[in-house]
Amino acid sequence: MKIFFVIFAILACFSCPSMQSDLETYIVQVESPESQISTQPSRIDLESWYKSFMPKTIETAGSDEKPRLIYSYQNVIIGFAARLSAKQVKEMEKKPGFISARPQRILSLHTTHTPSFLGLQQNVGLWRDENYGEGVIIGLLDSGVTPDHPSFSDEGMPPPPAKWKGKCESNFTAKCNNKLIGARSYIEDKHSPIDDDGHGTHTSSTAAGNFVKGVNVYGNAKGTAVGIAPHAHLAIYKVCTDGCLESDVLAGMDEAIDDGVDIMSLSLGGASRSFYDDAIALGAYSAAKRGILVSCSAGNGGPSDSTLSNEAPWILTVDASTIDRELKATVMIGNQKLFEGESAFSPKVPILEFFPLIDPSLSKLNFYSPYCKPGTLNDPKIKGKIVMCKLGNVAPVDKGQAVKDAGGVGMIVYNIQKYGFTTFSDPHVLPALSITYQDGMEILDYMNSTSEPTARILFHGTIIGDKEAPVVAAYSSRGPSLASPGILKPDIIGPGNNILAAWPTSVDYEKHTKASFNIIQGTSMSCPHLSGVAALLKSTHPTWSPSAIKSAIMTTANTLNLANIPILDERLLPADIFSIGAGHVNPSRANDPGLIYDTPVKDYLPYLCGLNYTNQQVGSIIKHKVDCNKVKHIPEAQLNYPSFSIKFGESSQTYTRTVTNIGEANSSYSVEIDSPPGVTVIVKPSTLKFSQLNQKLKYQVTFTRRDNSTNSGIAQGFLKWSWKKYSVRSPIAVVLQPTIGF
């Protein structure tokens with residue numbers, strides 16, 4: 001398993017020699033050039049304007065490094081990235097037009113069968129008439145790509161559309177084709193877009209990999225590997241290596257806007273921040289303004305509340321779920337009790353014998369030995385035994401290598417308690433499996449009850465048809481949003497657990513397949529699924545705006561699993577609204593949603609002013625001067641969003657929504673309301689009658705706390721507009737605050 005956790009860090013060096021550079025990279029935001037306030041400044045105007053803020057004198061005492069401009073941003077922000085000292089930033093603050101400067105953050109990566117699980121089959125549904133995303137360009141910002149991988153073959157691919165202005169780096173041109181139409185690197189000293197990590201290869205092939213037959217890992221998950229939009233074009237922007245520097249991410253987004261991408265896919269992020277201080281939110285706003293949908297992973301901070309990344313309403317925020325495929329493995333212990341788990345390992349010959357069990361935490365030789373961290377398993381007693389290893393600290397595959405190096409013959413990885421029933425299918429280097437925390441505790445209790453504990457591990461291969469799927473993955477970050485609680489986040493969930501996709505090198509030492517594929521998990525994997533779905537919708541509906549595509553995805557989402565009961569979370573209890581948002585993506589239904597909630601970009605100005613940001617802060621997002629005193633503020637929940645997130649005590653609240661008819665010209669939609677417990681919801685009018693396509697109608701929703709309700713906490717419900725085959729659902733989240741007198 002390779003899960004990419006949300007990490008936030010400021011660039012710093014606490015052990016650097018005193019003679020090293022005191023410069024660090026700052027993201028600097030400035031006002032638009034005074035002479036260009038009412039018009040779009042040219043590239044030359046901005047370049048010279050940015051340079052005017054740079055120090056005129058060079059302070060290099062004790063360092064050979066000089067202050068320098070790294071990136072001059074043209075689209076994502078009015079600003080630049082530069083290497084500066086704290087003293088130079090202080091001087092810069094005195095200059096007219098300066099807004100802010102802060103050290104850049106390091107953002108982290110959030111790291112076959114899924115198209116079928118999503119109902120995408122050749123010549124059926126959204127893939128009908130070979131609609132595979134033709135003519136759409138997905139800009140993928142990640143760790144690069146492996147261009148020679150068969151997933152990036154351009155067989156059956158037309159040339160890129162005429163609007164494409166991007167390019168491949170000079171050392172990469174020969175590797176590009178009609179599938180891989182652009183590849184650039186923003187990593188200093190690593191100018192090649194080649195993927196050294198694997199993450200970017202995996203995400204890009206998930207979004208838009210071409211058909212590759214005969215794929216498997218250790219003989220498991222056999223079939224044809226294909227991305228969600230197999231005929232969409234890919235433009236790769238390498239912005240990550242050991243983390244993702246904000247300045248590089250902004251530069252990649254800046255270039256992607258100029259290049260002409262239709263979709264941006266970012267499986268990376270950091271801790272929640274106000275939108276004016278969030279690089280991805282800033283870049284995504286500029287992208288949305290240019291008609292580009294930005295799809296982002298929500299983060300892997302779950303199941304804790306309010307752990308989301310990428311919360312801006314102009315971003316499609318994607319959380320992770322399981323699929324109905326299991327790579328089943330079991331462990332039987334000496335008392336004949338059997339425990340189920342998962343593993344991608346598959347021995348050539350079944351191993352039927354029992355082996356002794358050992359718990360490395362009992363040796364107390366090293367703090368990290370319970371996690372089987374490489375270099376910590378020094379106990380000679382491990383040789384010839386199956387080793388119990390705690391999840392965490394290092395990747396399970398690395399644990400297995402450490403066990404193998406110590407002479408162990410097998411491994412059982414048991415989860416942390418909060419991960420509940422979520423398990424992982426990893427391509428282990430020895431017989432091993434992942435089991436739940438509860439089962440792990442039971443095995444450890446058994447080991448303590450006998451002087452000679454034993455176990456055997458059996459592998460059962462690929463099992464299709466888990467009726468509990470989709471289940472919210474335990475690590476999937478949860479709402480409510482900290483940056484804007486009045487916008488319900490996440491927006492959607494999609495496949496992210498145990499996802500098979502392209503990989504730079506083979507992880508299968510037994511070489512069951514020639515092509516290199518790997519199974520990993522994270523919201524990093526769910527994000528490109530939704531990026532691919534967005535590409536399919538953009539291909540079918542080229543005039544749809546980013547908010548229209550998002551609305552179609554959200555209002556048609558599934559809220560029931562394959563067993564036709566409400567989607568469950570990692571505890572196998574009904575998932576709450578802050579873990580699934582609108583529900584699980586249903587691509588075919590999203591293609592024909594009936595009604596959409598379109599959010600004009602101009603509506604974000606009164607929304608941002610309503611967040612009580614300063615004029616300067618709002619201006620830094622929308623890239624021109626603002627006077628919020630002259631703008632009619634709107635509360636967050638008034639934004640024309642496909643969902644509702646309400647917080648109140650005793651008073652009632654009324655909000656307006658506008659829907660656009662894109663279904664059938666003459667149609668009459670009736671409302672169905674499932675009111676959150678303790679809340680009365682009234683919708684006026686209760687019927688929306690349309691007489692033509694693209695007609696817009698408004699409705700009002702009033703939320704009132706019931707007189708006899710003393711509840712506090714989170715309540716959830718929905719409202720749904722229905723007519724004939726159409727069902728347009730908006731989830732409702734209500735945070736009930738304690739009322740006076742209770």
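Sequence positions, counted from 1, serve as the residue numbers for this chain. Given the structure is predicted, the values throughout are model-derived calculations rather than measurements.
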S.K.: Could you go through V249 and Y237, starting from their C-alpha distance and side-chain angles, then the distance that decides it, and tell me whether this counts as side-chain contact (heavy atoms from CB on, under 4.5 Å)?
M.R.: CA-CA 9 Å; V249 173; Y237 302 86; over 6 Å; no
S.K.: Will you find, in the side chains of D254 and Y186, an N or O donor that is under 3.5 Å from an N or O acceptor?
M.R.: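 Not at all, the side chains of D254 and Y186 share no donor-acceptor pair under 3.5 Å.
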S.K.: Classify the ring geometry between F80 and Y50 as parallel (under 30°), tilted (30 to 60°) or perpendicular (over 60°).
M.R.: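 The rings of F80 and Y50 sit tilted, inter-plane angle from 30° to 60°.
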S.K.: Would you mind telling me which of L293, I257, I280, I138 makes a side-chain contact (heavy atoms from CB on, under 4.5 Å) with M264?
M.R.: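 The residue from L293, I257, I280, I138 that satisfies side-chain contact (heavy atoms from CB on, under 4.5 Å) with M264 turns out to be I257.
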S.K.: Taking all atoms of both residues into account, what is the closest heavy-atom pair of P642 and M554, and its distance?
M.R.: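 Looking at all heavy atoms of both residues, the closest pair is CG-SD, 3.9 Å.
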S.K.: Going from CZ on F275 to OG on S484, what distance comes out if it is rounded to the nearest 0.5 angstrom?
M.R.: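 So the CZ of F275 and the OG of S484 are separated by 5.0 Å.
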S.K.: How far apart are the closest heavy atoms of G283 and V76, and which atoms are they?
M.R.: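 G283 and V76 have their closest heavy atoms at CA-CG1, 3.5 Å.
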S.K.: Answer yes or no: is there a side-chain heavy-atom contact under 4.5 Å between S265 and C527?
M.R.: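 S265 vs C527: side chains touch.
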S.K.: Any side-chain donor paired with an acceptor under 3.5 Å for S143 and D195?
M.R.: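 The answer is yes; a qualifying pair exists.
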S.K.: Examine the side chains of T523 and D319 and answer whether a donor and an acceptor come within less than 3.5 Å of each other.
M.R.: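 T523 vs D319: no donor-acceptor pair found between side chains.
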S.K.: Begin from the C-alpha positions of R102 and D277 and carry the test salt bridge (Lys or Arg N to Asp or Glu O under 4.0 Å) through to its verdict.
M.R.: CA-CA 9 Å; R102 60 171 176 80; D277 203 23; 2.4 Å; yes
S.K.: Look at the aromatic rings of Y604 and Y607 and report parallel, tilted or perpendicular, splitting at 30° and 60°.
M.R.: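 Plane angle over 60°, so perpendicular.
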S.K.: Going by distance alone, is a donor N or O of one side chain under 3.5 Å from an acceptor N or O of the other, for E169 and S192?
M.R.: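 Distance-only check fails for E169 and S192.
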S.K.: Quick one: does S205's side chain have a donor or acceptor within less than 3.5 Å of a partner on A502's backbone?
M.R.: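 Yes, S205 side chain to A502 backbone: donor-acceptor pair under 3.5 Å.
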S.K.: Would K175 and D148 count as a salt bridge (Lys or Arg N to Asp or Glu O under 4.0 Å) here? Give the steps.
M.R.: CA-CA 7 Å; K175 297 181 181 296; D148 299 325; 3.7 Å; yes
S.K.: Ring-plane angle category for F53 and W49, please: parallel below 30°, perpendicular beyond 60°, tilted otherwise.
M.R.: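 Judged by the thresholds at 30° and 60°, the geometry between F53 and W49 is perpendicular.
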S.K.: Flag the pair I181 / W164 as yes when at least one side-chain heavy-atom distance between them is below 4.5 Å, and no otherwise.
M.R.: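 Yes - at least one pair of side-chain heavy atoms lies under 4.5 Å apart.
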S.K.: Donor-acceptor check, side chain of T599 to backbone of N640, threshold 3.5 angstrom: yes or no?
M.R.: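 Here the side-chain-to-backbone pair exists.
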S.K.: Side-chain contact, heavy-atom cut-off 4.5 Å: S286 with Y73?
M.R.: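 A side-chain contact under 4.5 Å is absent here.
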S.K.: Which distance, rounded to the nearest 0.5 Å, do you find between the CG of L46 and the OG of S72?
M.R.: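 Between atom CG of L46 and atom OG of S72 there are 8.5 Å.
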S.K.: I'd like to know whether NZ of K630 has more than 12 heavy-atom contacts from other residues, nucleotides or ligands below 6.0 angstrom.
M.R.: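 No, not enclosed.
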S.K.: Is it true that the side chains of Q88 and S85 contain a donor and an acceptor less than 3.5 Å apart?
M.R.: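 Yes, a side-chain donor-acceptor pair sits under 3.5 Å.
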S.K.: Should I315 and E311 be marked as a side-chain contact (heavy atoms from CB on, under 4.5 Å) after you check the CA-CA gap, both sets of side-chain angles, and the distance that decides it?
M.R.: CA-CA 7 Å; I315 291 173; E311 306 145 274; over 6 Å; no
S.K.: Could you tell me whether a side-chain N or O of S267 sits under 3.5 Å from a main-chain N or O of S524, the two making a donor and an acceptor?
M.R.: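 Flag set: sc S267 to bb S524 pair under 3.5 Å.
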S.K.: Begin with the C-alpha distance, continue with both residues' side-chain angles, and end with the deciding distance and a verdict on disulfide (SG to SG under 2.5 Å) for C176 and C168.
M.R.: CA-CA 7 Å; C176 284; C168 287; 1.7 Å; yes
S.K.: Is any side-chain heavy atom of L308 closer than 4.5 Å to one of P490?
M.R.: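 SC-SC contact between P490 and L308 confirmed.
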S.K.: Could you check E246 against I106 for side-chain contact (heavy atoms from CB on, under 4.5 Å), going step by step and ending with a plain yes or no?
M.R.: CA-CA 6 Å; E246 275 187 310; I106 302 176; over 6 Å; no
S.K.: Can you find a pair of side-chain heavy atoms, one from S645 and one from I487, that are under 4.5 Å apart?
M.R.: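 No, every pair of side-chain atoms sits at 4.5 Å or beyond.
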S.K.: Looking only at heavy atoms, which two atoms of V394 and Y371 are closest? And how far apart?
M.R.: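 For V394 versus Y371, the nearest heavy atoms are CG2-O, 4.1 Å.
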S.K.: Would a distance-only check, ignoring hydrogens and angles, find a side-chain to backbone donor-acceptor pair under 3.5 Å from T317 to N310?
M.R.: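 Judged by distance alone, yes, a pair lies under 3.5 Å.
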S.K.: Hey, could you give me the CG/CE distance between L282 and M253, rounded to the nearest 0.5 Å?
M.R.: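 Rounded to the nearest 0.5 Å, the CG-CE separation comes out at 9.0 Å.
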S.K.: Any side-chain heavy-atom pair from V89 and Y26 closer than 4.5 angstrom?
M.R.: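 They are in contact (side-chain heavy atoms under 4.5 Å apart), so the answer is yes.
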S.K.: Quick one: does K179's side chain have a donor or acceptor within less than 3.5 Å of a partner on A208's backbone?
M.R.: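 Yes, the answer is positive, given that a donor and an acceptor are paired below the 3.5 Å cut-off.
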S.K.: Quick one: pull up CD in Q29 and CD1 in I99 and give me the separation to the nearest 0.5 Å.
M.R.: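 Answer for the CD-CD1 pair, Q29 versus I99, is 6.0 Å.
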S.K.: Do S185 and F172 have side chains that approach each other closer than 4.5 Å (heavy atoms only, starting at C-beta)?
M.R.: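 Not in contact.
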S.K.: Taking the side chain as every heavy atom from C-beta outward, state whether L180 and V145 have any atom pair closer than 4.5 Å.
M.R.: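 Sidechains of V145 and L180: in contact.
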S.K.: Can you name the nearest heavy-atom pair linking N393 to K373, along with the distance?
M.R.: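 Of all heavy-atom pairs spanning N393 and K373, the closest is OD1-CD, 3.2 Å.
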S.K.: Consider only side-chain N and O atoms of H624 and S32, and report whether a donor and an acceptor are under 3.5 Å apart.
M.R.: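 Per modelled atom types, H624 and S32 side chains form no pair under 3.5 Å.
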S.K.: When you measure from the side chain of S477 to the backbone of T307, do you find a donor-acceptor pair of N or O atoms at a distance under 3.5 Å?
M.R.: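 Side chain of S477 to backbone of T307: a pair is present.
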S.K.: Is any NZ, NE, NH1 or NH2 atom of the basic residue among D259 and R184 found under 4.0 Å from an Asp or Glu carboxylate oxygen of the other?
M.R.: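 Salt bridge between D259 and R184, a charged N being under 4.0 Å from a carboxylate O: yes.
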S.K.: Under 4.0 Å between a Lys/Arg side-chain N and an Asp/Glu carboxylate O for D262 and R290?
M.R.: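 Salt bridge flag = no for R290 with D262.
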S.K.: Are more than 12 heavy atoms from other residues, nucleotides or ligands located less than 6.0 Å from atom NZ of K51?
M.R.: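 Not more than 12 within 6.0 Å, no.
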S.K.: Quick check on Y368: does its OH atom have over 12 non-hydrogen neighbours (other residues, nucleotides or ligands) under 6.0 Å away?
M.R.: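 Count not over threshold, so no.
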S.K.: Using only the SG atoms, decide whether C628 and C609 are less than 2.5 Å apart.
M.R.: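 C628 pairs with C609 as a disulfide (SG atoms under 2.5 Å apart), so yes.
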S.K.: What do the steps show when you test V261 against L140 for side-chain contact (heavy atoms from CB on, under 4.5 Å), and what is the final call?
M.R.: CA-CA 9 Å; V261 305; L140 199 127; over 6 Å; no
S.K.: Quick one: do the Y641 and K550 side chains pair a donor with an acceptor below 3.5 Å?
M.R.: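 The criterion, which ignores hydrogens and geometry beyond distance, is satisfied for K550 and Y641.
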S.K.: With a 3.5 Å distance limit and no angle check, can you tell me whether T206 reaches the backbone of M525 through a side-chain donor-acceptor pair?
M.R.: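 Absent.
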S.K.: Would you call K238-D142 a salt bridge at under 4.0 Å N-O?
M.R.: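 D142 and K238: not salt-bridged.
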S.K.: Report the distance from atom CG of L530 to atom OG of S295, rounding to the nearest 0.5 Å.
M.R.: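 With rounding to 0.5 Å, CG (L530) is 5.5 Å from OG (S295).
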S.K.: Indicate yes or no for a side-chain donor-acceptor contact from E31 to the backbone of G97 under 3.5 Å, with no hydrogens or angles considered.
M.R.: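 Checked: no pair found.
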S.K.: Could you measure the distance from the CD1 atom of I292 to the CH2 atom of W314? Nearest 0.5 Å is fine.
M.R.: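 These two atoms lie 15.5 Å from each other.
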S.K.: Between S272 and L482, what is the shortest heavy-atom contact and its length?
M.R.: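 Closest approach of S272 to L482, heavy atoms only: OG-CB, 3.6 Å.
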S.K.: Please answer whether the main-chain N or O of T614 pairs with a side-chain N or O of Q617 as donor and acceptor at a distance below 3.5 Å.
M.R.: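 Such a contact is found between Q617 side chain and T614 backbone.
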S.K.: If you compare all heavy atoms of A402 against all heavy atoms of P374, which two are closest, and at what distance to 0.1 Å?
M.R.: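 Shortest heavy-atom separation between A402 and P374 comes out as CB-CA, 3.7 Å.
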S.K.: Less than 3.5 Å apart, any donor N or O on the side chain of R83 or T25 sitting next to an acceptor on the other?
M.R.: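 Yes, side-chain donor-acceptor contact under 3.5 Å.
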S.K.: Any salt bridge linking D627 with K625? Criterion: basic side-chain nitrogen under 4.0 Å from a carboxylate oxygen.
M.R.: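 No, this pair does not count.
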S.K.: Treating K489 as the side-chain partner and V318 as the backbone partner, does any N or O pair qualify as donor plus acceptor under 3.5 Å?
M.R.: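 Absent.
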